[in-house]
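Just so it is clear: chains get the letters A, B, ... in the order the sequence lines come, proteins before strands, and each one is counted from 1. Because the structure is predicted, anything quoted here is derived from the model rather than measured.
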Amino acid sequence: MHGPDISWYIALAVILFATGSLGVLLRRSPLIILLSVEIMLNGANLALIAFARRFGHEDGQVFAVAVMAIAASEVVVGLGLIVAMSRRNLELDVDKLRTLRG
Amino acid sequence: MIHKPHVDWFALSPTLALLAAAGVLLLMAVLVPRPWRKASSALVCGAGFAAAFVFAVLLADKSPHGHAIVADAMFRDRWAAVASLIVAGCGIVAVLVSYGERWRELHVGEYYALLASAGAGMAFFVSASNLMTLFLGLEWFSISLYILCAIDYDLVGSLEAGLKYLVVGAVGSATLLFGSALVYGGTGQLDFDKIAAAGHTHDPLLVVGLAMVIAGLAFKSSAAPFHMWTPDAYQGAPTPVTAFMSSATKVAALVVTYRVLATAFPHEARLWTWAVAGIAIASIAIGNVAALTQRNVKRMLAYSSVSHAGFMLIPIAAANALGARALVYYLIPYCALSLGAFAIVAARERELGAPVTLDNLAGFAWERPFYGAAMATFMFGFLGFPLTGGFVGKFYAFAAAYRHGWWWLIVVGVAGTIVSAAYYLGVVRAMYMRDRMELQLAPAGGSPPRDLMLGAGVALCVAVSVGSFFAVQPLIDVAHAAAKSLPL
Amino acid sequence: MAANVLVWCIWVIAAFACLASAVAVVSFRNPFFSALALIGNLASLAVLYLLLGGEFVAAAQVLVYGGAVMVMFLFVIAYLGDRTEEAPWAGGPSWQAVGTVLAAGAILVEVIVAIGLTTGGELTHEHHIARSFGSPEHIGRLFLTDHLLAFEVTSIVLLVAAVGGVVLGHHARANEADARA
Amino acid sequence: MNAWLTTILIFLPVAGALAIWLLPLPRHWAGSLATLVSLVEVGFWILSVDRFDFGRSTLQFEQRQTWFRDLGVSYHVGQFGFSLWLVGLTTVVGAASVAYAWWAGRDRARAYFGLMLFLTGAVVGVFTAQDLLVFYAFFEAMLIPLYVLIGVWGGAGRLAATLKFVVYTVAGSLLMLAAIVVYGLQQGTFDLTKLDQSSNKWLFLGFAVAFAVKAPLFPFHGWLPDAYREAPPEVAAMLSGVVSKAAAYGFLRIAITKFPGPTHDFRILILVLASIGLVYGSLLAFRAPDIRGVIAYSSLGQMGLITLGVFAANDLGFDGAVLQMVNHGLISASLFLLAAMIERRAATGELSLLGGFARGRPALATILMTTGVIALAVPLSTAFAGEFLILAGLFQHFWAYAVVGAAAIVLAAMYMLRLISAVLHERVGPAVSEAALDLRAGELAVVVPLVLILLGLSAWPNAISGHSFGVASADAAIKSTLVETPGGANELALASPLDWHVGAGTNACAAVGDKFLNAHPDLLGGTHVMRCPGGRFLRLQIHGSGGLARSVVYGWAAG
């Protein structure tokens, strides 16, 4: 069963990664930034799995599974921070967080 | 039938010691009654770092020939052992500094557990030998540090620091990850030495991947232009955490940068030496210039750490054995200086109950002669003055650059150092030469709590930063042994 | 031949869904919808993983991500309510934003060119793979042999994150206790 | 014991400083302990003069300890004749400054006296270091106590003064560090006794700028007036009397001996700058409104003169420069201390507010008069001897500089006389009250020894000028640099290995050699082979390296 080349997958992965980074750079809500980081990680995962297919050994897939777990950990901590901040009535906008200035 | 790989427990011992300490601490956070929790937790955490230190020394002694272990997932060599050793040393001082912090007792167990876990993550990270363990190690200690940044909820800005660090850190590790994926795509390998064996110099996938790996690691060593989280995180985090971050994280990130570049990408050396030199120059320029205008001492020290990341990237850019030695040597006084400086900021902070600025340091050195003299030592050390190891470190870094043939890097370093004189000496000036009357400040009020632990930590830092100036040869011997593990 | 066309169709649909949902995540005003869009993204990625022979990864994607992580996200967003809304792209483009977009575009072009150069024949030759490639059994075996250490460390990181969750949760509660006192 | 003398001289004050910082001494005790330590230091220096073999031109009291091997750096210290005199200057002026501070009393005494002793140790280290990195370490270490001493105990404008001082000096010395790294790594060693000469002009400039800032030379003197005015007087005494000499020493020991080629190329420039500094400093000194301003700008002028002597680059110039370094060190130290004593009585140093101090205060009048007269270089004074040697050396090279130097001596006479008359004579100034006493016993004890030494040197200036560079020794390690080839004979020296003997061989040969040396008074290094009447070969090994300013070893071989 022949589908598209690996390069198609990689191009898709790159676009995903770029979309995610744009989200991180341009959005100000920490929640959406976290979601965008997830998209970046997914892009990397897609690349890993596509390359695993190319080389025919599963190292890339194992890596991708580990990345999922790590992503989940980051999300836990990130969401924990966001909830704590909202309880303390801090702005949920990274541009308006200006307590820390010189 | 599954054949488990042989596990070299001894090679893992620094990590395991800290991991065990973290586990015990988590249990203690639940089981030990509150009044005893603070002291016992600090003790266990300190013991964990001390054990890791001892194990790292033994490991360095017993691993003259580096090799990969546990199914090629990590290296057992002196490079990693010496780095773990420095990290463990930083941890010991960090525990001493943390002890007097007015934590809410609710969290003190978790705090020390996370500190130990961050140390364990770093000890693992520095011995990573493939892209997967590299990423996992990075995330291990990073996540611990994100939480540590945000752990003190009496501190204004602590949560903000944690969030900013997390967001930027996550982008950094995603970059590293994508770079790793591209390198994997270019070579079909995850192990560093196999990547080196499979790589072609002009494979575009490999080159782009390499660039992203360098950027991802530069986020962690807070080198410009990937440093934007540094001032906020350093300023907002509890000061003992800042002390640990500024020293140990830098050790881990820089040591691993050198290892990855030298081990996995020897064929691309022409590319990455230039890239690293560029990052070094940017860090020196941005760090020093930005530090000039800071009034908050923690923030100023954060920018100073950016500039020092630049100085320590110079030996990496040099890509020679002298550079590897220079990096290891430089890290030792740098860690002592950085830990010590933040420890003194912590002391002043506890005394004032407010963030430390250049203004409220006025007269500090005459009120607390020992802390004042120690802080002056650290500032002169950062500046690279003789009688501290900071001088020899810079000298070695410049020597490595020259041996690579890049005398202009020396010029950049010299120019940066000249600029840095203004703000480092600004601290000395604030402490010694300004009168609090002149600035119309209220006196600090009452004597500060006697904090023997903090004093001991500062004394240790002074001893290391001055001692490393005199005992260069033994330290260089250690660095030499470590540097031999890298294929330079 | 028909199978090829089918695979292409699936690929095009999945890729399109994946891109569209990614753009949606980044651009929706309400994080709730963004999170929902991410679920679509994850699902379409899972399809792509299946096309690449990653059965286990696809399953893990759906279970771990689609199940655990997204539920957590949605829960938090629902809990926070309308505090999380943000007007995207408000206030016109700043220089910073323009710069970042340009930089991101440059990276994108660079990487695609890089891949295009490499693709000059190499990437098309896929490795021959066994039927069991990417099966749960294989991945599990790898986790216990070649990647034992990675497996262990992953679990440690999850544990650390759990501790973090507890600590940060305390944060919230302690604040309320302060407020009451 | 002898080998240890240098190390003792460096580390005795440092140890004293540590003791004062660490022991919880009462304030008066800190001063007396510091004075004691600096007197013991002078004692050790006298001992080392006793043990020093002035007949040899090689390094003495030498000690070497590896510091770090892989780059060839070692703790290597030792003394040549001229370093011995500069060390002596340091210990004496250091002792006088510490004793004066003790007498006058200073706040935060432990910190203060510790820093003064530390400064003394660091300066001695600069004058004795035989390894470039050790030299640099001491050179930078001097800055730390100076920075704190001026910044904490200085006058109202101290913060601005220290900032300028530090920016200038740090910039200069870091350029030197860059030069040291490159120079040392090129040669694989940092040991001054092993380093070969280099012809790299950038390295030379790196060193030269550092020394020019420290001296200071025109136009690098921007920091000088503020620092000298704002510093506590005894610190100013150390700064102008001793620390500035580190720069002249650096020119002599490193810049000239290691970089003969670039020295040759940049010599005119440096001579011109030094001349400008000499005239400019003297003119400003003449116009300065206060005592310290006069001394400060006169220091600028005097450092210009000393630099002229150093870059005359011949025996007379070197001898004169060393003698004048010691002279000026003692003179400016005593003048700064006297200025402090006057300011103590009048609460100001403004010359327009002073006057008539001589009446009823014979001791002050005598001492200020004596010092001033020596400073303006009247014949038979030691300053006259030093300046005469320098000018004679300059004259050999180019008479115009000698003219400038001579003019400056006239200017020196003018500003010194103005100072003396404005303070001592004229009508009684508004700031001078009848109640102001003559010098007290403590003050006399500090300043009289300095003046006595100056008088002693006036009687016997050859003590220094004749005992700075020793005489040539046959066993000194010399490298052939082949600077010039009279008659093309050097190729011969390279082509046929001759059997060389020490000595000129015949009178005819000696005459040829003398003629060559007179024709090339500025040659500082190299081996020159020439043919004598009678078929012999004469070899002249001229060396300016290894701290020997210029000494010549004759060798001959049968043709």
Side-chain angles (χ1 to χ4, degrees), chain A residues 6-7 10 13-14 16-18 20-21 24-25 30 33-34 36-52 54-57 59-60 62-64 66-67 69-71 73-78 80-82 84-88 90-92 94 97-102, chain B residues 130-132 135-136 138-140 142-144 146-147 149-150 153 156-164 166-171 173-182 184-191 205 208 212 231-236 290-291 293-296 298-300 302-303 357:
Chain A
I6 296 300
S7 51
I10 303 303
V14 171
L16 272 184
F17 187 82
S21 6
V24 172
L25 292 167
I33 290 178
L34 272 186
S36 304
V37 170
E38 295 305 310
I39 292 185
M40 292 172 80
L41 292 175
N42 275 325
N45 266 357
L46 182 58
L48 280 171
I49 292 166
F51 285 130
R54 176 190 167 195
F55 296 112
H57 53 70
D59 286 353
V62 172
F63 200 162
V67 171
I70 299 296
S73 318
E74 272 183 0
V75 167
V76 168
V77 176
L81 280 167
I82 291 172
M85 288 175 74
S86 84
R87 292 283 192 100
R88 311 212 69 185
L90 292 172
E91 282 285 348
L92 287 183
V94 285
L97 287 171
R98 302 236 170 199
T99 325
L100 303 173
R101 283 288 141 187
Chain B
N130 67 35
L131 293 170
M132 200 188 306
F135 177 75
L136 291 171
L138 181 89
E139 285 294 327
W140 180 354
S142 300
I143 289 181
S144 310
Y146 302 150
I147 309 166
C149 269
Y153 42 69
V156 182
S158 173
L159 282 173
E160 184 184 331
L163 186 73
K164 284 184 173 167
L166 178 119
V167 167
V168 182
V171 173
S173 45
T175 311
L176 175 73
L177 179 65
F178 202 85
S180 307
L182 291 181
Y184 175 56
T187 59
Q189 299 295 343
L190 287 175
D191 294 348
L205 274 182
V208 176
M212 293 180 86
D232 288 338
Y234 278 25
Q235 186 189 352
T293 56
Q294 304 302 325
R295 303 298 296 171
N296 183 302
K298 272 168 93 176
R299 218 175 160 78
M300 187 212 89
Y303 280 114
T357 64

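No side-chain heavy atom of Phe63(A) sits less than 4.5 Å from a side-chain heavy atom of Tyr184(B). Between Leu166(B) and Leu34(A), the closest side-chain pair of non-hydrogen atoms falls below 4.5 Å.
Of all non-hydrogen atoms in Leu81(A) and Ala150(B), the two that sit nearest each other are CD2-CB, 3.4 Å. Residues Gly188(B) and His57(A) come closest through the heavy atom pair O-NE2, 3.1 Å. Arg54(A) and Gly185(B) get closest at one heavy-atom pair: NH1-O, 2.7 Å. The shortest heavy-atom contact between Asp59(A) and Met132(B) is O-CE, 3.9 Å. The two residues Phe55(A) and Thr187(B) have their closest heavy-atom pair at CZ-C, 4.0 Å. Residues Ala13(A) and Phe178(B) approach most closely at O-CE1, 3.9 Å, considering heavy atoms.
Residues satisfying the side-chain contact (heavy atoms from CB on, under 4.5 Å) test with Ser36(A), not counting sequence neighbours, are Val24(A), Ile32(A), Val26(C). By the side-chain contact (heavy atoms from CB on, under 4.5 Å) test, Ala69(A) is found to be paired with Thr154(C), Leu158(C), residues two or more places apart in sequence or in another chain being considered.
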### Task
Take Leu177(B) and Leu48(A), measure what side-chain contact (heavy atoms from CB on, under 4.5 Å) needs, and give me the verdict at the end.
CA-CA 9 Å; Leu177(B) 179 65; Leu48(A) 280 171; 4.2 Å; yes
#### Entry: Evaluation steps, side-chain contact (heavy atoms from CB on, under 4.5 Å), between Val37(A) and Val167(B)
CA-CA 8 Å; Val37(A) 170; Val167(B) 167; 5.5 Å; no
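For the set Ile70(A), Leu41(A), Val62(A), the entry with the most heavy-atom pairs within less than 4.5 Å of chain B is Ile70(A).
Of the atoms belonging to Ser173(B), it is side-chain heavy atoms, and not backbone ones, that fall under 4.5 Å from chain A.
Distance check, rounded to the nearest 0.5 Å: OG1 of Thr175(B) to CZ of Phe17(A) gives 4.5 Å.
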